[in-house]
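Take a look at the structure below.
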Protein chains: 2
Amino acid sequence: MARRDIEILERLKAQGHRLTPQRGMVLSAIAGLGGHVGVDQIFQRVREVYPYMDVATVYRTLQLLKRLHLVTEIVTGSGAQYELVRQETDRHHHMVCEQCGTTFDFPASYAESLRGELTRAFGFVAHLDHFTVSGLCAACAGKQGVSTGG
Amino acid sequence: MARRDIEILERLKAQGHRLTPQRGMVLSAIAGLGGHVGVDQIFQRVREVYPYMDVATVYRTLQLLKRLHLVTEIVTGSGAQYELVRQETDRHHHMVCEQCGTTFDFPASYAESLRGELTRAFGFVAHLDHFTVSGLCAACAGKQGVSTGG
DNA sequence: TCTGTTATTGCAATCACTTGCAGTTGCGAG
DNA sequence: CTCGCAACTGCAAGTGATTGCAATAACAGA
């Protein structure tokens with residue numbers, strides 16, 4: 001967590017957006033909580049230091065950061081989660097377990113061939129930074145006696 | 001549309017659920033509208049023939065049908081769309097264009113290798129019937145002069 | 001056909017998220 | 001340092017989806 005939130009703040013400013021305390025607090029909340037966090041976690045965390053914070057501002061900030069590709073939104077089916085973008089070399093996607101709700105990462109490389117094929121066959125340019133696969137994690141699949149069929 | 005909605009109703013009953021007129025109307029609305037339909041389209045359509053219909057019932061019915069894998073939910077980013085499940089031989093996934101919002105199908109075979117690799121490497125059993133890739137369709141990508149990078 | 005059980009419905013309240021607006025404030029120009 | 005403008009915030013109202021609950025109705029069994 002080497003002040004990645006500060007770095008992103010600078011980038012915000014560089015792109016012509018205002019550097020408000022609220023935005024800083026949202027970013028440091030995500031950084032402090034350690035990624036894969038929900039809106040309410042962020043909101044509560046910020047409220048601890050700034051009680052006037054409004055949920056609307058959290059939502060608007062996250063929308064902005066998402067649009068600028070400074071945070072990644074992970075759609076889990078039951079409310080979205082957010083994380084700060086990582087290094088280009090650390091590109092990854094997400095697997096969300098339908099049973100326990102846990103989010104796991106997997107390297108982007110796994111999805112590159114799919115991406116290529118969709119472009120080749122259909123001309124569709126997939127944006128795989130908002131890419132989430134749902135299913136059962138190893139632990140939950142084990143409990144249910146599920147194999148690879150489904 | 002060879003009475004696929006009726007067939008699904010039978011399956012509902014076979015699984016121990018009640019065969020109510022409301023459920024029948026939701027299914028025939030989807031069938032009649034021709035797949036890839038939103039909640040409100042279904043709701044309005046059913047209201048034409050049964051004015052007492054409540055949105056809550058539409059949502060609950062869709063949730064049930066989704067859970068039983070009798071309808072497929074396509075998460076488009078701006079409200080979900082629904083379609084009746086197709087034949088096993090016709091399995092497919094969805095590409096949603098971020099620009100124009102159109103939903104396209106692609107054969108499930110394209111995603112099979114990804115599925116296999118996730119299971120092999122992480123033990124994660126992906127459920128790829130709820131699988132949607134967002135990006136730009138050929139037409140919109142062309143307009144924007146986008147190539148395959150992104 | 002009638003009856004009892006319990007899933008399901010319709011309504012209203014609630015939750016989650018978004019939007020309109022007026023006041024505030026970051027920040028660049030002077 | 002001060003000024004002015006537009007971006008941004010907080011509030012409150014609005015929209016879309018979900019949930020609790022009492023009344024209703026599907027359907028198995030008699």
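All values below were derived from every heavy atom in this structure, side-chain atoms included, with hydrogens, water molecules and symmetry-related copies excluded.
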**Request:** For B/Phe122, enumerate each residue passing the ring-ring contact (aromatic ring centres under 6.0 Å, His included) test, keeping only those at least two apart in sequence or located in another chain.
**Result:** A/Tyr110

**Complete:** Taken in chain and number order and not counting sequence neighbours, the residues that satisfy side-chain hydrogen bond (donor to acceptor under 3.5 Å, both in side chains) with B/Thr102 are none

**A/Glu7 bridged to A/Arg4 by N-O distance under 4.0 Å** = yes

**Prompt:** Applying the side-chain contact (heavy atoms from CB on, under 4.5 Å) test to B/Met25, which of B/Val46, B/Thr61, B/Thr57, B/Asp5 qualifies?
**Reply:** B/Val46

**Prompt:** End-to-end bend of the helix from C/dT1-D/dA30 to C/dG30-D/dC1 (five-pair axes, 10° rounding)?
**Reply:** 30°

**Asked** How close or far is atom P of C/dC17 from atom CD of A/Gln41, stated in whole angstroms?
**Response** 12 Å

**Message:** Are there over 12 heavy-atom neighbours, none belonging to B/Tyr52, within less than 6.0 Å of that residue's OH?
**Reply:** no

**Request:** Applying side-chain contact (heavy atoms from CB on, under 4.5 Å) between B/Ile42 and each of B/Ile30, B/Leu27, B/Val55, report the one that passes.
**Result:** B/Ile30

**Fill in**
By side-chain hydrogen bond (donor to acceptor under 3.5 Å, both in side chains), B/Ser113 pairs with (sequence neighbours left out) none

**Item:** Any residue of residues 54-62 of chain B with a heavy atom less than 4.0 Å from an atom of DNA chain D
**Value:** B/Ala56, B/Tyr59, B/Arg60

**Request:** Sort and list the pairs that fulfil side-chain hydrogen bond (donor to acceptor under 3.5 Å, both in side chains) and have at least one residue in residues 37-47 of chain B, not counting sequence neighbours.
**Result:** none

**Prompt:** Just the endpoints, please: which first and last nucleotides of DNA chain D, 5' to 3', lie under 4.0 Å from a heavy atom of chain A?
**Reply:** D/dA6 to D/dC11

**Message:** Mind checking if A/Tyr50 touches a base, just sugar-phosphate, or nothing, with heavy atoms under 4.0 Å?
**Reply:** sugar-phosphate

**Residue from B/Met53, B/Gln22, B/Gln63 passing side-chain contact (heavy atoms from CB on, under 4.5 Å) with B/Val58** = B/Met53

**Complete:** Each nucleotide of nucleotides 23-30 of chain C classed B (base within 4.0 Å of a protein heavy atom), S (only sugar-phosphate) or -, in 5' to 3' order, makes --BBS---

**Message:** Suppose we screen for side-chain hydrogen bond (donor to acceptor under 3.5 Å, both in side chains). Which residues come up paired with B/Glu112, at least two apart in sequence or across chains?
**Reply:** B/Arg115

**Prompt:** Going by side-chain heavy atoms closer than 4.5 Å, which hydrophobic residues are tied to B/Ile74, directly or by a chain of links?
**Reply:** B/Val96

**Complete:** Applying side-chain contact (heavy atoms from CB on, under 4.5 Å) to A/Ala138 and not counting sequence neighbours gives none

**Message:** Restricting to ring-ring contact (aromatic ring centres under 6.0 Å, His included), what partner residues turn up for B/His94, sequence neighbours left out?
**Reply:** B/His36, B/His92

**Request:** Rounded off to whole Å, could you give me the OH-to-P distance for the A/Tyr82 and C/dA16 pair?
**Result:** 14 Å

**Fill in**
DNA chain D nearest-nucleotide lookup for A/Gly16 and B/Val39: closer to the 5′ end is A/Gly16

